[in-house]
Engineer: 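Submitted below is the structure of interest, expressed as structure tokens.
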Amino acid sequence: MTAPFPKATIEGYPRVGAHRELKRALESYWSGKIDAETFESAAHSLRLDTYARLKELGLTEDYAIPADVAYYDHVLETALTVGAAQGESLDNEFTLARGNKDTAPLEMTKWFDTNYHYIVPEITDEQAFSARPQRVLKIVEEARAAGYTVRPVLVGPVTLLALSKQAEGATKQPLDHLNELVDSYLTVLAELHDAGVEWIQLAEPALVADLAAADDATLAAALKTAYGRILSAEKRPQVYLTTPYGSLNAGLDVITELQPEAVQVDLSVGTLALDNSYLERVAKLAEATHLSAGLVDGRNVWAANLRDLREKFETLGDNVSVTTSVSLQHVPHTVEAETSLPVDVATWFAFADEKIREVVALSAGPLDAPEAYAQADRAVRTRAESSRTHDQAVQDRTAQLPEGQVQRQPEFAERNKAQEALGLPQLPTTTIGSFPQTAEIRAARAAHRKGELSDADYTEALRNEVKSVIELQERLGLDVLVHGEPERNDMVQYFAELLDGFVVTENGWVQSYGSRCTRPPIVVGDISRPKAMTTEWAKFAQSLSEKHVKGMLTGPVTILAWSFVRDDVHQSVSADQLGVALADEVCDLEEAGIDIIQIDEPALRELLPLREKDRKAYLDWAVRSFRVVSLQAKPETQIHTHLCYSEFGQIIDAVAGLDADVTSIEAARSRMELLEDIDEKFHSEIGPGIYDIHSPRIPSVAEMAELIRAALKNVPVERLWVNPDCGLKTRGYEETEASLRNMVLARDEVRASL
Ligand code: GLN
Ligand code: ZN
């Protein structure tokens, strides 16, 4: 008799630990403070504590607990297990992830449309795919010894290859290796079978996305090939195939036909809103195999409407389990760790632990868990009725905006003329905004937060920093200055703390990558700006120089992308509200005498929907919200924007559509190649970064001059700016000063030769 699939489970759980234990262990190990054995034992304790917690929360059945274990990243973990990456030891693994002085790390990129970043395996033509099942076996055995029957989790073969990269010089595409890779999975599965493991989770989220590497039909065909072989293997655990992050198209038919023993689908409100027939289509799958319904939304922080979800659940038949739509790794551990949330608001939230209780209650039903349903009803009602969520004045203001696309007047050409009054030199130099955030600034901020440094002393420290940043830029001879952003802990959180409609958490840490965690603010309701947010700093900085100092704002899309958003209104509603609030800020900056204002939108591409068909609608509202910010700006005010990546492919029209006067982008690493297609689409002035701020290396005058010349092949001299790729926040002062000095010299050299 084989174990049945559990009635209640989750796709995955945060790996960093409620007190960021894994982060601490990783960083202590990397800095040499602890040895490998101590690190492993810390990670081991964290795993067992997690299992205990999950059991206590109600995941009591065998195989209900997913062992989605990874030290650095789960894609890297699977790659190492099936030989899509080579590394025996802990240090090998971390070198792949982080590099060392001789080796560059593997690339890191965004995991679907979340803020998590995974390590991208590189597949060579000779890739051996030698299986290392010990990695999973160890996890299973350690859990067993402690009394838990856990379910090992691997990224499935199709997704692993679809998200991998062709190694340099390779002629084969990663997906061309599917058969060899499946061999390796078969070895791992056979070993697990021999070890008595009855369920394995294979995650195939690639099937819900239209990827550049492979379209829906290609991925569905690959799925058929891979799982046709996996499911006909003699020795294997039962397969739990999961498809988080969106809805399946062609993949759904393939899976229905393949009939793995159990299948997870994402039935979150967000996914069903984009694909409203999905629930019905999935009901057919439930007739073919055991369905695990991902009803509890794993990527937002809102308490579920349990009654509503239970109703959906009941339409799916009786032999259905409940799970989360995606891994809970995208939400913080628990609301219980928050002590200063407004009391009414706290009840509206469900973080990872609360979501597990929701899963259990959904599976039990209202008769068996009346308390949970009553509590959910209360949360839904008080949230809907709260004045915190609905602010009539805000809604009235956005209602006055024109419908559809908005257009700043006059058009670019005329504004560009008006902006000649700024008196900028040919090939103006500038930076992207932040200057190094020194240990002293961070210490001052921490002391201020703890109440050890008075407001006045903290402000004084920041003003001194601004002063020295302005002096430095004057000394270097930069043309358009910045104040350096020392007052900002983070470019999104800073604004979230000053705007109404947001709350921030104390312990709401979410893993961004490796040991790096962020604490995203939460949009709880209609957003407005109680008072000016940046003018004091801008005014102060401007008072220190005769040159122009840029005002610095974070755009609506980026603020939303790096926050938890509402699920009771469409994101475009919040985007418009942010647009209006920031437009008021633009106006105040103008009044304060600032005539160049930068609106950063580094996250514009991040929110791009996974399905092609949804992208236009997204880009329309995203671009609109940016345009709302600059809508009322005076023609003489030069609006800059900044996006820090160089792959513009899918969004180039949208970037041009922002209608900024100056656009700075990342270009150093791609050696200006992107300018070839950019110039025709862009009318704005453009600042392709000429040095890579991700590295401490100081670029020489000659190499930067060469990049400026390369840029001039595609961009006329009167439209070209000279600047680094991105903000300098993570750099040190020494290298920053040397690099910027060389940057100005490079510009001078090119200008002299024109
Ligand atoms: N102005 C911001 C800075 O310089 C922009 C950061 C970003 O693009 N991520 O830090
Ligand atoms: Zn940037």
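All ligand and atom numbering here is 1-based and tracks the order in the structure.
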Engineer: Counting only heavy atoms not in Glu506 (residues, nucleotides, ligands), do more than 12 fall under 6.0 Å from its CD?
Structural biologist: yes

Engineer: Parallel, tilted or perpendicular: which one describes the rings of Tyr245 and Trp111, with boundaries at 30° and 60°?
Structural biologist: perpendicular

Engineer: Before accepting this row, confirm whether a basic side-chain N of the pair Arg415/Asp659 lies closer than 4.0 Å to the acidic partner's carboxylate O.
Structural biologist: yes

Engineer: Using the benzene-type ring in the case of Trp, are the ring centres of Phe351 and His330 under 6.0 Å apart?
Structural biologist: no

Engineer: So that I can tick it off, tell me whether Glu706 and Arg671 are bridged by a salt bridge, with the cut-off set at under 4.0 angstrom between side-chain N and carboxylate O.
Structural biologist: yes

Engineer: At less than 3.5 Å, what protein N or O atoms come close to the N or O atoms of ligand 1? Include the distances to 0.1 Å.
Structural biologist:
| from | atom 1 | to | atom 2 | distance (Å) |
| --- | --- | --- | --- | --- |
| ligand 1 | 1 (N) | Ile432 | O | 3.1 |
| ligand 1 | 1 (N) | Glu485 | OE2 | 2.9 |
| ligand 1 | 1 (N) | Asp600 | OD2 | 2.7 |
| ligand 1 | 4 (O) | Ile432 | O | 3.4 |
| ligand 1 | 4 (O) | Ser434 | N | 2.9 |
| ligand 1 | 4 (O) | Ser434 | OG | 3.1 |
| ligand 1 | 8 (O) | His642 | NE2 | 3.1 |
| ligand 1 | 10 (O) | Ser434 | OG | 2.7 |

Engineer: List the residues meeting side chain to side chain donor-acceptor pair (under 3.5 Å) with Arg463, not counting sequence neighbours, and say none if there are none.
Structural biologist: none

Engineer: Looking only at heavy atoms, which two atoms of Thr641 and Ala660 are closest? And how far apart?
Structural biologist: CG2-CB, 3.8 Å

Engineer: Classify the angle between the aromatic ring planes of His640 and Trp721 as parallel (below 30°), tilted (30 to 60°) or perpendicular (above 60°).
Structural biologist: perpendicular

Engineer: Any side-chain hydrogen bond (donor to acceptor under 3.5 Å, both in side chains) pairs touching residues 424-433, not counting sequence neighbours?
Structural biologist: Thr429-Asp479, Thr430-Lys550

Engineer: Tell me, which protein N/O/S atoms are under 2.8 Å away from the Zn ion (ligand 2)?
Structural biologist: His642 NE2, Cys644 SG, Cys726 SG

